[in-house]
J.: 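This structure is in structure tokens; I'll ask about it shortly.
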Amino acid sequence: MDLRNDWHNFLKSQFKAYTFLKKEDYNSLSLDEVSLVYFNWSRLLIQPVKRNVHYSKEFKCPKAIKKRLEKVVQKIQLGQNLIPHQTRSLKNLYFKDPLYFDWGIQHLHLGDTIEADGFVKREKTNALNDYLLYASFTEQDAFLVQIMDHASFNKQELAKIIHRNWPKTIERYKINGFSPSAPIITDKDINYFRKSGASIFIELDDNAVYGPMGGGISTNRTSENTIYQSDFFHFRIDKIKQEISNNIFKYANHVRETVGHIPTEMEFILNIDIKNNFSVYEKNSNINFRFEGF
């Protein structure tokens, strides 16, 4: 019984849905790294669900790209696939997005032609392609922060706009009773800390201080949330394995009562449904054991 191995193979199988990935890249992942790689990479994907769109008071869109923006906004409202507008770096399973990991802000490209690899065309010679839509997403809402260029990833103005317009969406990251520090953190400092794999508090308007609104960056520059998520599932799986091992006679008796005999060898395999509910399938008796509360 190797439930962790079953879990890691399941995660590898999830990559198959994304045709822009190379099979050799995810098939070559070691069992020790696949969980962290999968959760770090998949959390960057904007899920295709219908969302209400909200514009910040500061939002400005250059006239030259207004139609491009309207098309992307329509996709957001209709719940269509937004991955073509995300960074091409998603083709790299080890890609790390410090802006998202730090502040929970996504950036979308506004090109209108999808190329063979599944991402929108971005001619570097066309100045219009330097515009990005910076936005924050929840399951039901899309908060359009601002249109800025590629050099704006570290600008604290992005976080300040969210604080001014939708403070409740980041309320849980606010550090109450904490006084602003000196010297003042600059945008250049933000870039330095992110590259160093450090999460820091930032001071926004009204002396409001916030921790990392995207969950934070670890020392190897992956998402802090990725580590928690990977550990959480490993803990669940290990707990199920321990339950079966400690009560093997109970499960053997259930098999005998159900099929009339105990197989010479019982082989337990982990199953995961679309809601991440776990069950364990005993292969030789064709019995599925559900584990709720694990």
Side-chain angles (χ1 to χ4, degrees), residues 7-48 72 75 80-126 129-137 148-155 158 190-199 212 214-231 233-234:
W7 169 242
H8 294 155
N9 285 329
F10 167 77
L11 293 180
K12 281 188 179 183
S13 71
Q14 301 307 293
F15 290 119
K16 295 178 182 178
Y18 304 97
T19 55
F20 56 85
L21 294 175
K22 295 180 180 179
K23 291 182 180 179
E24 56 266 30
D25 288 344
Y26 53 81
N27 284 334
S28 64
L29 290 173
S30 70
L31 295 181
D32 290 333
E33 67 178 338
V34 63
S35 182
L36 286 173
V37 170
Y38 174 79
F39 286 118
N40 194 73
W41 178 84
S42 64
R43 73 182 304 103
L44 297 172
L45 305 178
I46 302 173
Q47 298 304 314
V72 173
K75 287 185 178 182
Q80 295 178 353
N81 183 20
L82 294 175
I83 292 178
H85 295 278
Q86 293 192 254
T87 175
R88 257 190 179 83
S89 296
L90 286 172
K91 294 166 71 173
N92 174 13
L93 290 176
Y94 295 94
F95 170 61
K96 299 160 185 173
D97 186 342
L99 171 62
Y100 182 65
F101 295 162
D102 196 5
W103 294 343
I105 297 174
Q106 296 272 15
H107 66 279
L108 296 176
H109 296 81
L110 299 172
D112 51 8
T113 303
I114 297 179
E115 297 190 298
D117 66 352
F119 293 86
V120 294
K121 190 174 184 179
R122 303 162 201 169
E123 314 101 317
K124 292 184 178 180
T125 55
N126 186 343
N129 290 321
D130 196 39
Y131 289 112
L132 297 173
L133 169 63
Y134 289 86
S136 177
F137 294 85
M148 291 185 177
D149 60 21
H150 281 78
S152 301
F153 292 161
N154 305 306
K155 288 186 177 179
L158 292 169
I190 295 294
N191 183 48
Y192 171 79
F193 283 116
R194 286 176 176 173
K195 286 185 176 180
S196 301
S199 296
I217 303 172
S218 68
T219 52
N220 68 350
R221 296 189 294 117
T222 58
S223 165
E224 286 279 7
N225 287 333
T226 290
I227 299 172
Y228 302 144
Q229 196 171 13
S230 179
D231 288 347
F233 281 105
H234 281 155

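Since the structure is predicted, the reported quantities are computational estimates derived from the model, not experimental observations. Excluded from the calculations below are hydrogen atoms, water molecules and symmetry mates; all remaining heavy atoms, backbone and side chain alike, are included.
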J.: Where the side chain of Arg221 meets the backbone of Thr219, is there a donor-acceptor pair that is under 3.5 Å apart?
T.: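 Pair absent, no side-chain N/O of Arg221 close to backbone of Thr219.
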
J.: Backbone N or O of Glu24 within a donor-acceptor pair of the Ser28 side chain at under 3.5 Å?
T.: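 Present.
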
J.: With heavy-atom distances below 4.5 Å as the criterion, would you say the side chains of Ile217 and Ser223 are in contact?
T.: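 The answer is no; the side chains never approach within 4.5 Å.
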
J.: When rounded to the nearest 0.5 angstrom, what distance separates CG in Leu110 from CG in Asp130?
T.: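 The CG atom of Leu110 sits 11.0 Å away from the CG atom of Asp130.
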
J.: Could you check if a side-chain atom of Lys121 sits within less than 4.5 angstrom of a side-chain atom of Ile114, using non-hydrogen atoms only?
T.: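 In short, these two side chains do not touch, never coming nearer than 4.5 Å.
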
J.: Any donor-acceptor pair under 3.5 Å linking the side chain of His107 with the backbone of Leu132?
T.: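 No: the side chain of His107 does not pair with the backbone of Leu132.
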
J.: Please determine, by modelled atom types, if Asn220 and Thr222 share a side-chain donor-acceptor pair under 3.5 angstrom.
T.: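 Short answer, yes.
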
J.: Taking atom CD1 of Ile190 and atom CG of Asn154, what is their separation to the nearest 0.5 Å?
T.: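 Between atom CD1 of Ile190 and atom CG of Asn154 there are 7.5 Å.
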
J.: Rounded to the nearest 0.5 Å, what's the gap from NZ on Lys155 to CG on Asn191? Could you check?
T.: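 Lys155 atom NZ to Asn191 atom CG measures 12.5 Å (nearest 0.5 Å).
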
J.: Considering only heavy atoms from C-beta outward, does the side chain of Leu31 approach that of Asn9 to under 4.5 Å?
T.: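 Answer yes - side chains close enough.
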
J.: So, does Tyr26 use its side chain to make a donor-acceptor pair with the main chain of Gln14 at under 3.5 Å?
T.: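 Not confirmed, Tyr26 side chain does not pair with Gln14 backbone.
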
J.: Mind listing the closest non-hydrogen atom pair of Gly104 and Ser136 along with its distance?
T.: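 Scanning both residues, the minimum pair turns out to be O-OG, 3.6 Å.
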
J.: Could you walk me through whether Leu99 and Arg194 pass side chain to side chain contact (heavy atoms under 4.5 Å, CB included), step by step?
T.: CA-CA 8 Å; Leu99 171 62; Arg194 286 176 176 173; 4.0 Å; yes

J.: Would you call Phe137 and Gln106 a side-chain contact if the rule is heavy atoms closer than 4.5 Å?
T.: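 Yes. Closest side-chain heavy atoms under 4.5 Å.
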
J.: Between Glu33 and Tyr94, do the side chains contain a donor N or O and an acceptor N or O under 3.5 Å apart?
T.: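 Side-chain D/A pair, Tyr94 to Glu33: present.
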
J.: Can a side-chain donor-acceptor contact be found between Ser89 and Asn92 if the only test is distance below 3.5 angstrom?
T.: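 No, Ser89 and Asn92 have no side-chain donor paired with an acceptor closer than 3.5 Å.
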
J.: Can you list the residues that meet the side-chain contact (heavy atoms from CB on, under 4.5 Å) rule with Gln80, with sequence neighbours excluded?
T.: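 Listed in chain order: Lys75, Leu78.
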
J.: Below 30° counts as parallel, above 60° as perpendicular, anything between as tilted: where do the rings of Phe15 and Tyr38 land?
T.: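 If you compare the ring of Phe15 with that of Tyr38, the planes turn out perpendicular.
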
J.: Identify the heavy atoms of Lys12 and Leu29 that sit nearest to each other, and give their distance.
T.: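 Heavy-atom minimum between the residues: NZ-O, 2.8 Å.
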
J.: Under 4.5 Å between any side-chain heavy atoms of Leu90 and Leu44, yes or no?
T.: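 Yes, side chains in contact.
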
J.: Would you call the rings of Trp7 and Phe10 parallel, tilted or perpendicular if under 30° counts as parallel and over 60° as perpendicular?
T.: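 If you compare the ring of Trp7 with that of Phe10, the planes turn out parallel.
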
J.: Should we count CZ of Phe153 as having more than 12 external heavy atoms under 6.0 Å?
T.: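 More than 12 within 6.0 Å, yes.
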
J.: Kindly indicate whether the side chain of Leu133, heavy atoms from C-beta on, has any atom under 4.5 Å from the side chain of His109.
T.: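 Not touching, per the 4.5 Å side-chain cut-off.
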
J.: Between CG of Asn225 and CZ of Phe39, what distance do you get to the nearest 0.5 Å?
T.: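 Answer rounded to 0.5 Å: 12.0 Å.
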
J.: Could you check Tyr18 against Leu45 for side chain to side chain contact (heavy atoms under 4.5 Å, CB included), going step by step and ending with a plain yes or no?
T.: CA-CA 11 Å; Tyr18 304 97; Leu45 305 178; 3.5 Å; yes

J.: Is the closest side-chain heavy-atom distance between Trp41 and Asp97 below 4.5 Å?
T.: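 No, too far: nothing below the 4.5 Å cut-off.
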
J.: Taking all heavy atoms of Ser218 and all of Ile227, pick out the closest pair and write down the distance.
T.: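 So the minimum-distance heavy-atom pair works out to CB-CD1, 3.8 Å.
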
J.: Sequence neighbours left out, what passes side chain to side chain donor-acceptor pair (under 3.5 Å) with Asp117? Give chain and number order.
T.: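 Only Arg88, Lys91 meet the side chain to side chain donor-acceptor pair (under 3.5 Å) criterion with Asp117.
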
J.: Which atom pair, heavy atoms only, marks the closest approach of Phe95 to Asn40?
T.: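 Distance-wise, the nearest heavy atoms are O-ND2, 3.5 Å.
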
J.: Would you mind reporting whether Glu224 and Thr226 have side-chain heavy atoms less than 4.5 Å apart?
T.: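 Heavy-atom side-chain distance check fails, nothing below 4.5 Å.
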
J.: Could you pull out the closest heavy-atom pair between Leu36 and Ser230, with the gap in Å?
T.: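 Smallest heavy-atom distance, with atoms named: CD2-CB, 3.8 Å.
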
J.: Kindly determine whether Leu108 and Val72 satisfy side chain to side chain contact (heavy atoms under 4.5 Å, CB included), including the steps that lead there.
T.: CA-CA 9 Å; Leu108 296 176; Val72 173; 4.1 Å; yes

J.: Between atom CG of Leu158 and atom CH2 of Trp103, what is the distance when rounded to the nearest 0.5 Å?
T.: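 Leu158 CG to Trp103 CH2: 6.0 Å, rounded to 0.5 Å.
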
J.: So does Tyr192 have more than 12 non-hydrogen atoms from other groups sitting under 6.0 Å from OH?
T.: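 Counting other residues, nucleotides and ligands, OH of Tyr192 stays at 12 neighbours or fewer.
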
J.: How are the rings of His8 and His234 set to each other: parallel, tilted or perpendicular (split at 30° and 60°)?
T.: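 Perpendicular, since the angle between the ring planes exceeds 60°.
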
J.: Mark yes or no for whether Gln229, through its side chain, and Arg43, through its backbone, hold a donor-acceptor pair below 3.5 Å.
T.: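 No, the answer is negative, given that no donor and acceptor are paired below the 3.5 Å cut-off.
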
J.: Could you check whether any side-chain N or O of Gln86 sits under 3.5 Å from a backbone N or O of Ile46, counting only pairs where one atom can act as donor and the other as acceptor?
T.: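 Yes, Gln86 side chain to Ile46 backbone: donor-acceptor pair under 3.5 Å.
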
